[in-house]
Undergrad: 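One structure follows; several queries about it will come next.
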Amino acid sequence: MNKKLLTLLFAIVPMLTFAQEKGLDQKIDEAFKPFSDFFSEMIFFLVYDNGTVKIPFVLVLLVFSAVFFTIYFGFPNIRHFLTAINVVRGKYDEVDKGVVETSYGDSTPGGDSIETIRDESQEGEVTHFQALATAVSGTVGNGNIAGVALAIALGGPGATFWMIICGLLGMSTKFVECTLGVQYRDVDEEGTVYGGPMYYLSKGLKDKGFTILGKITAVLFAVFCIGGSFGGGNAAQSNQATIVLKELLGLESTGAGAIIGIILAILVGIIIIGGIKRIATVTEKVVPFMAVLYIIACLYIILSNVTLVDDAFGLIFSEAFNPKAIGVGGVIGVLLVGFKRAAFSNEAGAGSASIAHSAVKTKYSASEGLVALLEPFIDTVVICTMTALVIIIFNTGGVFEYGGDGTGGVLIDGLRYEGAGITSKAFAQYIPYSNVFLTIAVVLFAVSTMISWSYYGLQSWKFLFGRGKKADLTYKLLFLTFVVIGAAASMGSIWAFSDAMIFAMVFPNMVGLYFLMPVVKKQLKRYLEAIKSL
């Protein structure tokens, strides 16, 4: 067995002894909560607060930027949607096999000469489809199951409308950051790719004459990305997987969460040892499979209740603009809930997905930017909306009260449910043994998200601490520790920390997107010209 894997196992397995201690899950939660609260308050500082409606600056930044990039690039989320699908299908692969002369080669900062493009033709480690699958596996996770349920529980059906809007606008932001991820990536002598906001911030801003700003923002992003990999990409996933596993297996032990976390950590540890190529190999098979199964299940419920679909959409639209929306402070409150959950789910603006996309085999950075814009559509517009319809249809007869207890929990048959638990109840209403199916789906979503985010965090860790084997192992041990913490701690603590870490990445990332957007426009023009010549 691989020596690194043995090291990981020996570091984790002894924790099983302590997992039997009475109240271990609670102790872990109590120890973690102060850190969670601190980071949440720091990142979500408010620009408006009237006592009911609280507007954090980071959400304003995300929404404004998504609208701005959509307009600046001429609605790429609509105009280039079919082109993006064709890139994934391999229709334009010929432009990467030979040199296609275009009139857009140049030597300006961020631009490539024709010769530079030729030299890059064999760089990269994965295909367009593998890069998309890896990145989608990092975004399509329990944000689509638990996050949607949380949004509806807090903001009612109207939150779904704003999630869809956020997904559509986020397609443009994702296009920008993933184009830059490929444009400024590093490739070592062995062909290993290193990319993401850390690199386009440091290298891109240096090209623009802002060397110090580039270094500072790159370091900040790397720190926040490591935190995001521990939180939203890890602890939040193991948390939801543990919730459904405990419910399915009827586990009530106060140490059950920690035990499940250790088992998940071992499973994830086996996969992440192999790096991006093994991760891509796993995700290109697991992600489409689990996504298709989940969509089929949702469609079955929706089509079985087709007469209720128009009513569900009616609620989604009417409640989105309801000034008396339950519990969250009217229209603005519903909008904020929807945007927050959608942004957490699809991560557009956080820059994380550009790390996976930067490993693609291509010489045209904009080609992968176009592929990336499909992510928010798949994640939010399709999968999140389907989950929302299932929950709203389930609640047609008033099974639970929208708004719930104000923290994301609702009462169903006298028992409190939250996150994936709500979705599980909805599925159970229409599909026999769906608790088993949904548990498997949640666990697969969780594991695929964790292994993708382990790659994101490791790339950031390498940027800060070097590319040595000891540094890699240190990160992976810390990452697997957070799998256990997420499984043991409460949903409230874990999701507050996860939200804070994911949204913290937005601040340094946006600096790079605004400074370097002319580079993206130039690269898009070059790629579109290249595929026209085929």
Side-chain angles (χ1 to χ4, degrees), residues 61-81 83-84 87 95 100-117 119-120 169-186 195-218 220-221 348-351 353-355 357-358 360 362-373 376 505-532:
L61 177 62
L62 274 175
V63 175
F64 173 81
S65 299
V67 173
F68 177 80
F69 292 134
T70 298
I71 296 172
Y72 180 80
F73 289 99
F75 295 87
N77 49 348
I78 299 172
R79 291 176 55 225
H80 302 307
F81 186 82
T83 302
V87 175
V95 299
V100 178
E101 299 292 333
T102 77
S103 58
Y104 299 108
D106 60 60
S107 57
T108 58
D112 281 330
S113 66
I114 298 299
E115 293 303 313
T116 300
I117 292 174
D119 291 339
E120 292 176 354
L169 293 174
M171 293 168 71
S172 303
T173 308
K174 188 83 76 167
F175 158 73
V176 179
E177 58 194 13
C178 291
T179 298
L180 292 173
V182 178
Q183 182 69 25
Y184 292 99
R185 65 187 178 181
D186 274 352
M198 308 83 73
Y199 295 90
Y200 61 71
L201 285 168
S202 56
K203 294 166 70 176
L205 293 186
K206 182 180 179 180
D207 284 349
K208 294 289 186 180
F210 299 98
T211 303
I212 295 177
L213 177 62
K215 289 181 178 179
I216 293 173
T217 51
L220 282 175
F221 178 86
S354 68
I355 300 173
H357 284 284
S358 65
V360 73
T362 186
K363 60 192 175 189
Y364 291 98
S365 55
S367 69
E368 194 59 23
L370 292 175
V371 170
L373 67 77
M505 296 159 62
V506 172
F507 294 107
N509 186 49
M510 282 299 173
V511 174
L513 301 193
Y514 277 107
F515 270 97
L516 300 173
M517 59 187 184
V519 175
V520 177
K521 179 168 280 192
K522 187 177 299 180
Q523 294 305 318
L524 175 61
K525 192 175 184 181
R526 176 179 293 120
Y527 181 64
L528 293 178
E529 181 69 16
I531 62 177
K532 283 180 183 177

Undergrad: Which value, rounded to the nearest 0.5 Å, describes the distance between Thr70 atom OG1 and Asn77 atom CG?
TA: 5.0 Å
Undergrad: Taking all heavy atoms of Gly349 and all of Met510, pick out the closest pair and write down the distance.
TA: CA-CE, 3.9 Å
Undergrad: Just by modelled atom types, is the Gly351 backbone N or O under 3.5 Å from a matching donor or acceptor in the Glu177 side chain?
TA: yes
Undergrad: Go through the structure and list residues passing side-chain contact (heavy atoms from CB on, under 4.5 Å) with Ala218, not counting sequence neighbours.
TA: Leu201, Ser202, Phe463
Undergrad: Which atoms form the tightest heavy-atom contact between Leu370 and Phe175, and what is the distance?
TA: N-CD1, 3.7 Å
Undergrad: Could you check Tyr364 against Gln523 for side-chain contact (heavy atoms from CB on, under 4.5 Å), going step by step and ending with a plain yes or no?
TA: CA-CA 7 Å; Tyr364 291 98; Gln523 294 305 318; 5.7 Å; no
Undergrad: So which atom in His80 and which in Leu528 form the shortest heavy-atom distance, rounded to 0.1 Å?
TA: CE1-CD1, 3.6 Å
Undergrad: Using side-chain heavy atoms (C-beta onward) and a distance below 4.5 Å, is Ile531 in contact with Thr83?
TA: yes
Undergrad: Who passes salt bridge (charged side-chain N to carboxylate O under 4.0 Å, His left out) against Lys203, sequence neighbours left out?
TA: Asp186
Undergrad: Going by the rule side chain to side chain donor-acceptor pair (under 3.5 Å), which residues pair with Ser367 if we only count those two or more places apart in sequence or in a different chain?
TA: Thr362
Undergrad: Going by heavy atoms in the side chains, are Ile355 and Pro197 under 4.5 Å from each other?
TA: yes
Undergrad: Could you pull out the closest heavy-atom pair between Gly170 and Ala66, with the gap in Å?
TA: N-CB, 4.4 Å
Undergrad: Not counting sequence neighbours, which residues clear side chain to side chain donor-acceptor pair (under 3.5 Å) with Ser65? List them please.
TA: Tyr514
Undergrad: I need the Tyr527 OH to Lys363 NZ distance, nearest 0.5 Å.
TA: 11.0 Å
Undergrad: Taking all non-hydrogen atoms of both residues, which atom of Leu516 and which atom of Leu205 are closest, and how far apart?
TA: CD2-N, 4.4 Å
Undergrad: Once the angle between the rings of Phe73 and Phe69 is folded into 0 to 90°, is it parallel (under 30°), tilted (30 to 60°) or perpendicular (over 60°)?
TA: tilted
Undergrad: Within the distance-only criterion (no hydrogens, no angle test), does the side chain of Arg526 pair as donor or acceptor with the backbone N or O of Ser365 below 3.5 angstrom?
TA: no
Undergrad: Using the rule given for side chain to side chain donor-acceptor pair (under 3.5 Å), can you reason through Asn509 versus Tyr200, listing the C-alpha separation, both sets of side-chain angles and the distance that settles it, and then say yes or no?
TA: CA-CA 9 Å; Asn509 186 49; Tyr200 61 71; 2.4 Å; yes
Undergrad: Might you point out which heavy atoms bring Arg185 and Ser358 nearest each other, and give the distance in Å?
TA: NH1-O, 2.7 Å
Undergrad: To the nearest 0.5 Å, tell me how far Thr179 OG1 sits from Tyr184 OH.
TA: 11.5 Å
Undergrad: For Tyr72, what residues pass the side chain to side chain donor-acceptor pair (under 3.5 Å) criterion, not counting sequence neighbours?
TA: none
Undergrad: Can you establish whether the number of heavy atoms outside Lys206 located under 6.0 Å from its atom NZ is more than 12?
TA: no
Undergrad: Under the side-chain contact (heavy atoms from CB on, under 4.5 Å) test, which residues partner Leu220, sequence neighbours left out?
TA: Ile216, Phe224, Pro508
